[in-house]
Amino acid sequence: MEALVHAAPYTGYVYPNETIIPWGILIVIYPYITGLVAGSFTVATFYHVFGVPRFKPVARFALLTSLAFMLIVPLPLLLHLGHPERALNVILTPHLTSAFAAFGFFAAFYVILVTLEIWFAFREDIVAMAQNQKGLLRRFYRALTLGSDEISETTRAYDAKWLKALAIIGIAGAHGLHGYVGFVFGSLKSREWWGSDLMPAIFLVSAIISGIAILILLYVVTSRFRKTVIDRDCMKGLAYLLWGFLIFAVVLEFLEFANIVYKGREGIETVMALIAGPIWFGVWVLQLGGSVAAFFILTYVIWRGTQDKQLIIGVTVSAVLVLVAVFAMRWNVVIGGQELSKTMQGLLSYTPPIFDREGISAVVIVFTLPFFVLWGLTRLLPPWLSHGRQAQGQIPSITS
Amino acid sequence: MKWKISKHQPGRRRFMRLLGRAMVFAGAALFSVGLMGRRGLAAAIPALAGTNYDWTKHRWGFGVDATRCIGCLRCVEACKTENGVVRDAHHFRTWVERYVYLKGERKPQVDSQSDPGNIAASGSETEFRFDNRYQDAKIDKAFFVPKLCNQCEHPPCVQVCPVGATFRTPDGVVLIDHDYCIGCQYCVQACPYGVRLFNHAHGVTDKCTWCYHRITRGLQPACVEVCPTNARLFGDQNDPESVISKFIRENRTRVLKPEMGTSPNVFYIGLDKEVM
Ligand code: SF4
Ligand code: SF4
């Protein structure tokens with residue numbers, strides 16, 4: 001019985017029930033993962049919808065990344081529920097005034113959409129593999145072709161059309177999914193730190209930067225493992241994208257904070273104590289420091305036109321900084337919001353348990369899973385372009 | 001660009017059509033299973049079992065006269081016993097706050113029975129009392145404020161529940177169906193008053209029901225019953241002669257956090273501006 005609850009220490013006055021923090025670190029990782037889903041999909045759309053050719057090398061990988069993370073998104077929620085076996089009720093008997101009720105539909109819709117998108121993006125390869133592979137694998141790919149194994153100019157055009165159409169719906173879906181996660185928090189009037197109109201926008205933009213960042217990181221790391229060259233233009237494109245959205249994200253977050261401080265509603269002293277106290281490291285060092293450092297590195301890289309190794313190192317370091325900063329932002333919102341008491345006269349301090357259904361160990365496992373899923377997906381559907389096409393000089397490359 | 005499907009692709013077109021149909025079908029199937037899954041009222045409200053109570057005939061209301069409360073905490077203990085609330089300092093359906101304005105200070109000192117000092121004074125987390133820390137202090141004014149669920153007219157807790165496990169009855173009480181609650185604690189977040197608690201042993205949320213199992217049988221809520229000073233009172237707002245109707249009529253009452261737009265049904269008198 002004892003270990004069932006972890007009461008949080010507090011200062012000032014908090015309501016008695018508040019000492020048990022309802023949403024722990026699992027609910028920090030939930031919007032984080034959803035953000036990666038939306039962000040990596042965004043990169044894919046830059047190629048599939050806007051037709052930016054420099055993103056071609058990572059476009060299909062981005063789709064797989066998005067799917068891999070999306071498949072894991074429900075897991076932290078399920079682990080958090082007191083009755084995970086009743087989770088399906090959210091879809092079967094949704095209570096339509098609840099922001100949460102939409103989750104199941106959004107998630108299911110998105111998974112179907114990305115799967116379709118991936119199918120069209122890989123159709124040619126699937127058909128090829130259905131012919132080249134042997135045994136079970138051959139059957140598997142044959143089944144995957146869904147009985148259409150014709151490749152011609154007409155089918156290519158047809159696939160491209162579908163890819164584009166799906167990507168357009170998908171970008172709305174992915175961003176809807178994540179903006180909605182922001183709404184889950186932003187729509188609550190009970191918590192000063194959450195109840196903000198800017199919340200969905202902030203979640204969305206930070207999602208995009210985290211998704212771009214994880215793609216950069218995965219692209220660089222996997223290129224090392226595959227011992228292949230990193231595409232310079234693609235890398236630069238990702239750097240521009242990250243840089244642009246990063247500015248947007250920091251400005252939005254600043255505006256949000258400025259709003260709270262400037263309006264100075266009742267309890268503002270406690271809000272200030274929150275960012276000077278329980279979450280100061282997360283806010284000032286990780287979130288702000290990380291974003292600003294990444295911004296300067298990226299600015300330098302872009303401005304100096306850095307090449308080769310320096311470019312890769314600079315962009316990768318910024319990507320890691322952004323990933324950390326966005327994680328800190330999720331923590332500061334989800335945990336910070338609950339550390340600020342509803343009395344506005346007290347502060348709690350949450351320390352995540354280590355071994356617990358909602359502890360750090362669970363989060364580590366949950367966060368490792370998407371990478372395994374992604375690895376599996378890339379084995380089944382290799383997303384990389386063949387060296388041949390690079391060698392033909394269509395895509396300029398650099399070695400890492 | 002014209003949206004024309006190439007004639008060369010009968011296979012794919014059929015597939016897309018099939019996919020569309022399959023999705024519609026699956027949606028319809030899920031929805032009907034869901035409808036079947038909706039539970040009858042009797043199952044959702046065990047408190048009503050065996051009564052011929054008509055909930056359309058009442059509109060319950062709760063009054064708190066803070067000037068009468070002496071902070072004896074008998075209500076808190078009675079509530080825990082009556083409703084089987086976890087016996088520790090972190091789970092309460094109702095609690096009492098103490099506001100003390102020390103001489104020369106503009107902001108009050110606030111604590112409740114679960115303050116570590118008060119727990120130390122009572123010697124355990126199963127009994128509650130306020131310690132006498134202010135014994136030698138110079139005090140300008142001091143008072144106690146009992147808190148409980150406000151059974152809001154526009155309850156944000158009900159609004160956010162993803163499965164509709166928590167709902168408002170026609171007689172104005174917000175209840176939770178413990179066999180349907182998925183334990184997401186969204187409602188715990190949404191209540192501006194910190195009233196909801198989580199039952200970790202059963203994986204569901206819990207809260208004050210104004211002792212729904214008692215009031216539907218003509219009894220008073222347990223806390224009202226045990227209060228020695230009548231600081232808590234309860235009755236039917238539909239009956240103009242009930243204690244609560246008189247209380248509201250004869251006093252200038254206020255509710256907690258009116259700016260939240262929740263329209264609470266617990267009416268207070270004797271609160272100071274610092275009460276949160
Ligand atoms: S006081 Fe809280 S739990 Fe009670 S009805 Fe209002 S919002 Fe819901
Ligand atoms: S904890 Fe239960 S009652 Fe509360 S919102 Fe979730 S499902 Fe509804």
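Chain letters run A, B, ... following the sequence lines, proteins first, then strands; residues in each count from 1.
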- Query: Does Val195(B) offer a backbone N or O that forms a donor-acceptor pair with the side chain of Asn17(A) under 3.5 Å?
  - Reply: yes
- For Tyr10(A), is it the side chain, the backbone, both, or neither that has a heavy atom closer than 4.5 Å to a heavy atom of chain B? side chain
- Query: Is the backbone N or O of Gln189(B) less than 3.5 Å from a side-chain atom of Lys342(A), with the two atoms forming a donor-acceptor pair by type?
  - Reply: yes
- Query: What are the two closest heavy atoms between Ala7(A) and His90(B), and how far apart are they?
  - Reply: CB-CE1, 3.2 Å
- Query: What's the shortest heavy-atom distance between Leu188(A) and Val160(B), and which atoms?
  - Reply: CD2-CG1, 3.9 Å
- Message: Would you say CZ of Arg142(A) has more than 12 non-hydrogen atoms from neighbouring residues, nucleotides or ligands within 6.0 angstrom?
- Response: no
- Message: Under a 4.5 Å cutoff for heavy-atom pairs, which residue among Thr19(A), Leu81(A), Leu96(A) has the most contacts with chain B?
- Response: Leu81(A)
- Given that the side chain runs from C-beta out, which part of Ser187(A) has a heavy atom under 4.5 Å from chain B: side chain, backbone, both or neither? side chain
- Message: Using a 3.5 Å distance criterion without hydrogens, assess whether the side chain of Ser190(A) forms a donor-acceptor pair with backbone atoms of Pro192(B).
- Response: no
- Message: Working to the nearest 0.5 angstrom, can you tell me the gap between Ile20(A) CD1 and Asp88(B) CG?
- Response: 6.5 Å
- When rounded to the nearest 0.5 Å, the distance separating CG of Asp179(B) from NE2 of His83(A) is 8.5 Å
- Flag the pair Val163(B) / Arg86(A) as yes when at least one side-chain heavy-atom distance between them is below 4.5 Å, and no otherwise. no
- Item | Region of Glu266(A) in contact with chain B, defined by heavy-atom distances below 4.5 Å | neither
- Interface check, chain A: of His202(B), Met260(B), Lys147(B), most non-hydrogen pairs under 4.5 Å belong to Met260(B)
- Which portion of Glu85(A) sits near chain B, non-hydrogen atoms under 4.5 angstrom: neither
- Message: Please check: side-chain N/O of His95(A) versus main-chain N/O of Cys161(B), any donor-acceptor pairing under 3.5 Å?
- Response: yes
- chain A contact via Phe198(B) - side chain, backbone, both or neither, heavy atoms under 4.5 Å: side chain
- Message: In the structure I gave you, are the side-chain heavy atoms of Pro16(A) and Gln113(B) within less than 4.5 Å of one another anywhere?
- Response: yes
- Item | Check: Val184(A) main-chain N/O paired with Tyr186(B) side-chain donor or acceptor under 3.5 Å | yes
- Message: With a 3.5 Å distance limit and no angle check, can you tell me whether Trp23(A) reaches the backbone of Cys184(B) through a side-chain donor-acceptor pair?
- Response: yes
- Between Tyr13(A) and Glu97(B), a side-chain donor and acceptor under 3.5 Å: yes
- Item | Contact leader toward chain A among Thr262(B), Val110(B), Val158(B), where contacts are heavy-atom pairs under 4.5 Å | Val110(B)
- Okay, Asn199(B) and chain A: the region with an atom under 4.5 Å from a heavy atom over there is neither
- Item | Check: His80(A) side chain, Gln185(B) main-chain N or O, donor-acceptor pair, under 3.5 Å | no
- Query: Between Tyr15(A) and Trp95(B), is any pair of side-chain heavy atoms under 4.5 Å apart?
  - Reply: yes
- Item | Thr343(A) side-chain N/O to Met276(B) backbone N/O, donor-acceptor pair under 3.5 Å | no
